[in-house]
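Below: one structure, written as structure tokens.
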Amino acid sequence: MDYQFKEIEQKWQQYWAEHRTFRADTTSNKPKYYVLDMFPYPSGAGLHVGHPLGYIASDIFSRYKRLKGFNVLHPMGYDSFGLPAEQYAIQTGQHPAVTTEANVATYRRQLDQIGFSFDWSREVRTSDPAYYKWTQWIFMQLFNSWYNLETNKAEDISTLIEKFNAAGNSEVKAVCDEDTLDFMPSDWANFSEEEKQTELLKYRLTYLKESTVNWCPALGTVLANDEVKDGFSERGGHPVEQKKMMQWSMRISAYAERLLQGLDAIDWPEPIKEMQRNWIGKSVGASVKFSVARGASSGAVPDADRQTQCDIEVFTTRVDTIFGVSFIVLAPEHELVAHLTTDGQRSSVENYIAQTKKKSELDRMADTKTVSGAFTGSYVINPVNQEKVPIWIADYVLAGYGTGAVMGVPSGDQRDWLFATHFNLPIIQILDAQKDIAIEADATKQGKYINSGFINGLSYAEAIAKLNDWLVEEKVGRPKVNYRMRDAIFGRQRYWGEPIPVYFKDGLPYLINEEELPLVLPEIDKYLPTESGEPPLGRATDWTYDNEYEYELSTMPGWAGSSWYWYRYMDAHNNDAFASEEAVAYWKDVDLYIGGAEHATGHLLYSRFWNKFLKDLGHVQEEEPFKKLINQGMIQGRSNFVYRIIDSEGKGTNQFVSYGLRKDFKTSALHVDVNIVENDVLNIEKFKAFRPEFAAAEFILENGRYVCGVEVEKMSKSKFNVVNPDDLIRSYGADTLRMYEMFLGPLEQSKPWNTNGIEGVFKFLRKFWRLFHNEEWAFHVNDSIPSKAELKALHKIIKKVQDDIERFSFNTSVSSFMIAVNELTDLKCKNRQVLEDLVIVLSPYAPHICEELWSLLGNENLSTATYPTFNPEYLAEDTFAYPISVNGKMKMNLDMSLALDENGVRELVLANEQVKGYLEGKEPKKLIFVKGKIVNIVV
RNA sequence: GCUCAGAUGGUGGAACUGGUAGACACGCAGGACUUAAAAUCCUGUGCCCUUUAAAGGCGUGCGGGUUCGAUUCCCGCUCUGAGUACCA
């Protein structure tokens, strides 16, 4: 029979499901290998062709590893909490759980028909209470932990309390809030329960913190940055304001250094590591206190406050330039600004602050050219030389980074230089190697210091060391490492997320009992915030702890459930632990993780954080969760256009002109559904049915066809360029889709989707099928002894595919399969032995057709087969058609024995008549010979 | 602006450590089979010159360099894509 992909694919998908073929087994004595895909959010739009790209690659890898004798864990699940389901619920009143369930069913159906070898018995859904029980449990562990900088790991909060009991907090080295009290053991003992809890909260790894959020009063809700555009909500266009709010936060900053160091040990793409390094943003420098000078300038009456001692702390990476400071700049939002502003400067400072507030964050960042700022009227004393230096405010200083204050050194920093030049502030040269500081700043670290008091004559390294010691000695500063990364906000004022297992008593948060987990999401009448502006959970009735205390009304953010899910797959149905100790000990970590690069600083960073935390507590074994990471490229949409002719009045007509002829007319381009276009040629009949208004359309054709225009855009419904895998599977089958997606190009490269070449892959599979059949489509192989040529073709592909898969070059193996099948077809190979091995080698790519042929060959269960061993002997050659080049230009090929050495080759080459012709009687100066590669004659 | 990735025929791409550029496909052209179409098969297909062939010239974004030899290494530039945002 001809290749009947529909029957074959259905049959084997059913077989795999019934036989639980891909169930991973924790008791196996084979080596383990864990292949993980980033699990999808089940959106209402279903799967598009971009999704499976990574899944196909990981599936090929998993199937290959099974053939290579590994015990492979290859699971799949759903990141099923999220905003779109909630949005939909608000609009329709449908419970998000219901729509999510329906979407999951669609995804499952679509995934199943591609023939993935997932172990579905381990499926997880983050919105399942049996799953989020453990997300909540991890939250509780974080709440009950603090970060000990002495042991450099998280510890149970009880060890902190012991320290408080024994010695108060002066000796405690912890990552904590900045406003901790100083207390002695006796103080601690006398603290009330509330005071103790308040203090402990400042050390807990998850804690409450006042944060600024985008608050939209009209919608009564907090918005993500994405949902705000130019100060207005994207939905509805209502004004959005900044509002301070108590929010749950995760002390990820405690792990900054370990997150940074850990990158060196993992096999990830360098650009992703670089992104994480930048995100963590380590800078080494010093923090220096500048004390505010008493009595401000311009005859202003100093108020009583200003008389009190007050310091401005700055962070700098160039403490060596401190003698060159000619001004200090605070962020306009800095808390001391109002306090420091003199009456004389008040109006201009307030003006400036008002202006800054008006600028959107984007404007403020985009405009690096305009210099702006305002003088506060106050001064600080530079601690190193007692110089009086003016305090300014400017919006280039950010409140959120460092201390929100910088020292201005115009000779060494171009931005400071521009500021000083604009406002006429002094520019002091500090290094003898600095040049042309009248024209621009020179940030050199070369040369010796000048105009720099006690560091005059020193080099950069000497100066830094001396200053750091001096700062500590004089108690005006210290060396400091600063990280850009800030703690992660861990609450959302939404419904469709994990409830936070916390209740409030006397305004303080307490954990619920572990036995009470999961804290199940309560039913509510509407998915909107309450009238008083509380999160949707405020609508729940009879939802209190112990019938008394109010629960936390925020839910966890989207990244909570995805920050540990790979462990759940190890032991998905465990009710007593997130995964059993034995399961974690067996599977350990993810060997290969495939997913999109867009998660570089979100999911991939948070996951590493939670993993390190769980490691500190002894719940998991590895410091890093994902050993190797591969990013698949984004599949873009390829939009097609038709060109409607515009009449003299500017109105669209009924006529459409083909792409090549559109220049002769006035036209407007219209998106046309890519599914009615083939190889950029429009199917006119389908187009007429596309929309009623096109039913009577007329066409100006070129070469008898209507050619469409093309543009690469993001895949989206509104652009009619979404390609759904279902249609392709219907016309070509899953095996063709799988191979075609791989054939498209390198996995990691982003590329537009186009189906132009899919026929070629389909033809290949038919040709492959025909290898096993005779002219009448009857199954036909023989048991003859394989010829040398057949074995050569086979072993070439055995080696090629294994090399390709191991370097994730899937596109090149598809080409090689085509070559192998072409060769074997030409050889009229019907040999059972050869074809059987070929089936195994191809099976990771096209599993259905291979299972069918495998069973026709009389075998059972292809996934338990063994990948054939490559034998280099079959590829060995006696002779080689050496390319002969003259002066580096290839001229001809000459067959010569591979046994020949340079002298033998030289003799043969120079004696050759054709070569003589090329030399035109000239004496060769030199002959380059690379064995098995090339001969080059230099004249 | 900075960082990273990339640029190869009409198209997707191949060439893995510097050694025959354009594998494999798509498309296109021509042919076979067919009443016809589909399917299948065969041939050709980087560009230029040439009636054809042989032969030749030019060719991996642009300009240089290293080398017997460069798509590959180095320097400078242009463009495209992604990320990031005044980080003190």
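Residue numbering restarts at 1 for every chain, and letters A, B, ... go by the order of the sequence lines.
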**Asked** Base, sugar-phosphate, or nothing for Y882(A), non-hydrogen atoms under 4.0 angstrom?
**Response** nothing
Of rC26(B), rC24(B), rG13(B), the nucleotide closest to the side chain of S815(A) is rC24(B)
| Base, sugar-phosphate alone, or nothing: which one does L744(A) contact when heavy atoms must sit under 4.0 Å apart? | sugar-phosphate
Closest to the side chain of I819(A), out of rA23(B), rA88(B), rA85(B), is rA23(B)
**Request:** Select base, sugar-phosphate, or nothing to describe what K800(A) touches, counting heavy atoms under 4.0 Å on all strands.
**Result:** base
Between CH2 of W777(A) and P of rU40(B) the distance, given in whole Å, is 10 Å
Which of rA88(B), rC24(B), rA85(B) is nearest the side chain of R484(A)? It is rA85(B)
Between NE2 of H334(A) and C1' of rC87(B) the distance, given in whole Å, is 15 Å
Quick check: Y740(A) with Y732(A) (ring centres under 6.0 Å apart)? no
request  = Would you check, one step at a time, whether the test salt bridge (Lys or Arg N to Asp or Glu O under 4.0 Å) holds for D267(A) with K273(A)?
outcome  = CA-CA 9 Å; D267(A) 185 4; K273(A) 289 195 195 180; over 6 Å; no
The nucleotide from rU20(B), rU84(B), rG57(B) with an atom nearest the side chain of K891(A) is rG57(B)
P spacing across the pair rU84(B) / rC75(B), given as an integer number of angstrom: 28 Å
With syn meaning chi within 90° of zero and anything else anti, the base of rG9(B) is syn
Do S283(A) and N482(A) get their side chains close enough for a donor-acceptor pair, meaning under 3.5 Å?
no
Hits for side chain to side chain donor-acceptor pair (under 3.5 Å) against H795(A), two or more places apart or cross-chain, chain-then-number order -> none
In whole angstroms, the gap separating P of rU40(B) from CG of L765(A) amounts to 13 Å
Exercise for review: Could you check F810(A) against T812(A) for side chain to side chain contact (heavy atoms under 4.5 Å, CB included), going step by step and ending with a plain yes or no?
Suggested key: CA-CA 6 Å; F810(A) 301 100; T812(A) 48; over 6 Å; no
Separation of rA15(B) atom C1' from N811(A) atom CG, nearest Å, is 12 Å
Note on RNA chain B: ranges paired as stems (three or more Watson-Crick/G-U pairs in a row, both atom distances under 3.5 Å) are B:1-7 with B:78-84, B:10-12 with B:24-26, B:27-32 with B:40-45, B:46-48 with B:56-58, B:61-65 with B:73-77
Pairwise C1' distance for rC48(B) and rG9(B), with rounding to whole Å:
14 Å
- Face-on cation placement of K282(A) at Y483(A) ring, 6.0 Å and 45° thresholds: no
**Asked** Rounding to the closest angstrom, what is the interatomic distance between rG56(B) and rG31(B) at atom C1'?
**Response** 31 Å
Run the salt-bridge test on R766(A) and E759(A) with the 4.0 Å N-O cut-off and return the result as yes or no. no
Between CD of E759(A) and P of rA39(B) the distance, given in whole Å, is 7 Å
Quick note, F880(A) side chain, CB onward, closest among rA15(B), rC4(B), rU20(B) is rU20(B)
Considering only heavy side-chain atoms of F315(A), the closest of rA14(B), rA88(B), rA85(B) is rA88(B)
Side-chain N or O of N822(A) versus OP1/OP2 of rA25(B): is the shortest distance under 4.0 Å? yes
Check your understanding: On a whole-Å scale, what distance lies between the C1' atoms belonging to rG81(B) and rU72(B)?
Key -> 22 Å
When rounded to whole Å, the NZ to C1' distance for the pair K763(A) and rA39(B) reads 10 Å
*asked:* Please verify the inter-ring angle class for F419(A) with W392(A); under 30° counts as parallel, over 60° as perpendicular, anything in between as tilted.
replied: perpendicular
Reckon M890(A) touches a base, only the sugar-phosphate, or nothing at all at heavy-atom distances under 4.0 Å?
base
Side-chain donor or acceptor of N936(A) under 3.5 Å from a matching atom on the base of rC68(B)? yes
Winner on side-chain proximity to P271(A), out of rA15(B), rC4(B), rC87(B), is rC4(B)
When rounded to whole Å, the CG to C1' distance for the pair D804(A) and rA23(B) reads 13 Å
(Q) What's the gap between rU67(B) and rU52(B) when it is taken at their P atoms, as a whole Å value? (A) 42 Å
When you compare rA21(B) with rG46(B), how far apart are their P atoms, in angstrom units rounded to a whole number?
14 Å
Atom CH2 of W769(A) and atom P of rA39(B) are separated, to the nearest Å, by 21 Å
TODO: Using the P atom as the reference point in each nucleotide, state the distance between rA82(B) and rC77(B) in Å, no decimals.
DONE: 23 Å
Against the side chain of R415(A), the closest entry in rU20(B), rC86(B), rU40(B) is rC86(B)
Assign each of E270(A) and G281(A) the nucleotide of RNA chain B bearing its closest heavy atom; nearer the 5' end lies the nucleotide of E270(A)
(message) For Y882(A) together with F929(A), are the ring centres under 6.0 Å from each other?
(response) yes
Would you indicate, yes or no, if rG13(B) has its OP1 or OP2 atom less than 4.0 angstrom from a side-chain nitrogen or oxygen of Q749(A)?
yes
*Show your reasoning for whether side chain to side chain donor-acceptor pair (under 3.5 Å) applies to N936(A) and K926(A).*
CA-CA 8 Å; N936(A) 187 17; K926(A) 204 170 163 190; over 6 Å; no
When rounded to the nearest Å, what value does the distance between P atoms of rA7(B) and rU71(B) take?
14 Å
Between M818(A) and N278(A), the residue closer to the 5' end of RNA chain B by nearest nucleotide is N278(A)
Considering only heavy side-chain atoms of L398(A), the closest of rA39(B), rC86(B), rG12(B) is rC86(B)
Check every strand shown and say whether V930(A) touches a base, only sugar-phosphate, or nothing at a heavy-atom separation below 4.0 Å.
base
Tell me what R770(A) touches on the nucleic acid: a base, only sugar-phosphate, or nothing, going by heavy atoms under 4.0 Å. sugar-phosphate
